[in-house]
Amino acid sequence: MKYIVSILLTSLLLISCQNSKFEREFDCNTPSEYTRTKTFKDVLGHFEIEIPKSWKTELYYDEYKSALYSADTTKQLRETYIIDITWHQGELVLNKDFEVKVAENATNNLRMIPVKSGFGDYLGHPAYYHISTGKSDDLSWNYLEIYVQHKIDEYYILTAKIYGSEFVNERICSSFSLFNKLTFLK
């Protein structure tokens, strides 16, 4: 009996160690796996990511940023989520002032209520996450933002827009599973 309990505890510990601090905040214990994926590369060649082939994916760029937007358009908006991965040219200082600015932006500009946030490492880099909730046209939604400092003058913003009030945590965890497939190229 002790042997079985010890194996279970070791397995649980190994699984939880594979998740980032941010994922553990949302109890993301079972990563979502997507079959039939396609690797997309941003226009400026800063990152690539595996996205399910059936998802609608668009790319955008200008001289200061390069972005990828993707969503499962085969599902109702209340059942899916929209992800956005954007590389930015510029300095990102992750500190208490930054945390206050992100919360103020969520409250004042997006008209949302901050729910949870924190500093840590994500994808091997210093990072900050923030999640807020709100309503738009009688539809509740949650907004996950992850700021990742990649270099002194470059950073990434990973976001997930989750509409509806059902299975929110599961869709947040699925977003993390996709974001974990991100590879920095430069």
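By convention here, the first residue in the shown sequence is residue 1. Computed from a prediction, not measured in an experiment: that's the story for all the values here.
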Output all residues satisfying side chain to side chain contact (heavy atoms under 4.5 Å, CB included) with Thr159, sequence neighbours left out; order by chain, then residue number. Asp84, Tyr143, Glu145, Ile157
Looking at side-chain heavy atoms only, is the closest gap between His150 and His46 below 4.5 Å? no
Report yes or no: do Ile172 and Leu139 belong to one cluster of Ile/Leu/Val/Met/Phe/Trp/Tyr joined by side chain heavy-atom distances under 4.5 Å? no
Please name the residue in the list Phe98, Phe22, Tyr155 that meets the ring pair (Phe, Tyr, Trp, His ring centres under 6.0 Å) test with Tyr147. Phe98
Distance-only criterion, 3.5 Å: show the donor-acceptor pairs between side-chain atoms of residues 160-170 and protein atoms not counting sequence neighbours.
residue	atom	partner	partner atom	Å
Asn169	ND2	Phe26	O	2.7

Kindly state each residue pair satisfying disulfide bond (SG atoms under 2.5 Å apart) with at least one member in residues 100-159, sequence neighbours excluded. none
Could you state whether Trp55 and Leu158 fall into the same hydrophobic cluster, counting links through intermediate Ile, Leu, Val, Met, Phe, Trp or Tyr residues with side-chain heavy atoms under 4.5 angstrom apart? yes
With sequence neighbours left out, which residue pairs that include part of residues 34-52 fulfil the salt bridge (Lys or Arg N to Asp or Glu O under 4.0 Å) condition? none
Taking only residues two or more places apart in sequence, or in another chain, which ones meet Asn109 in a side chain to side chain contact (heavy atoms under 4.5 Å, CB included)? Asn105
Can you name the side chain to side chain contact (heavy atoms under 4.5 Å, CB included) partners of Glu91, sequence neighbours left out? Val93
Is the shortest side-chain heavy-atom distance between Leu178 and Pro52 below 4.5 Å? yes
Disulfide bond (SG atoms under 2.5 Å apart): which pairs involve residues 57-168, sequence neighbours left out? none
From NE2 (His130) to CD (Glu99), nearest 0.5 Å: 8.0 Å
Charged N-O contact under 4.0 Å between Glu104 and Lys101: no
Do Gln89 and Lys65 make a side-chain contact, defined as non-hydrogen atoms from C-beta onward lying under 4.5 Å apart? no
Closest non-hydrogen contact found for Asp62 with Leu44 is O-CD1, 3.7 Å
Output the distance between atom OG (Ser174) and atom CD (Glu33), rounded to the nearest 0.5 Å. 10.5 Å
State, to 0.1 Å, how close Phe47 and Ser66 come at their nearest heavy-atom pair, and which atoms those are. CE2-O, 3.7 Å
Can you list every disulfide bond (SG atoms under 2.5 Å apart) pair that touches residues 93-186, not counting sequence neighbours? Cys28-Cys173
Sequence neighbours excluded, the answer for side-chain hydrogen bond (donor to acceptor under 3.5 Å, both in side chains) partners of Asp138 is none
Determine whether Leu110 and Ile113 fall in the same hydrophobic cluster, where Ile, Leu, Val, Met, Phe, Trp and Tyr are linked whenever their side-chain heavy atoms lie under 4.5 Å apart. no
Under 4.5 Å between any side-chain heavy atoms of Ile146 and Leu123, yes or no? no
Just verifying a value: how many Å separate Leu77 CG and Ile82 CD1, rounded to the nearest 0.5 Å? 5.5 Å
With Tyr156 via side-chain hydrogen bond (donor to acceptor under 3.5 Å, both in side chains) - residues at least two apart: none
Are a donor atom and an acceptor atom from the side chains of Asn95 and Tyr128 found within less than 3.5 Å of each other? no
Partner set under side chain to side chain contact (heavy atoms under 4.5 Å, CB included) for Ser136, not counting sequence neighbours: Trp141
CD (Gln149) and CD (Glu154) are apart, to the nearest 0.5 Å, by 11.0 Å
Keeping Lys75 on the side-chain end and Tyr81 on the backbone end, is there a donor-acceptor pair under 3.5 Å? no
Can you measure from CG (Leu68) to OG1 (Thr57) and round to the nearest 0.5 angstrom? 5.5 Å
Under the side chain to side chain contact (heavy atoms under 4.5 Å, CB included) test against Lys181, which residue among Thr39, Thr37, Ile49 passes? Ile49
Do Asn180 and Glu23 have side chains that approach each other closer than 4.5 Å (heavy atoms only, starting at C-beta)? yes
Inter- and intrachain pairs under disulfide bond (SG atoms under 2.5 Å apart), touching residues 86-138, at least two apart: none
Could you measure the distance from the CD1 atom of Ile51 to the CD1 atom of Ile85? Nearest 0.5 Å is fine. 5.5 Å
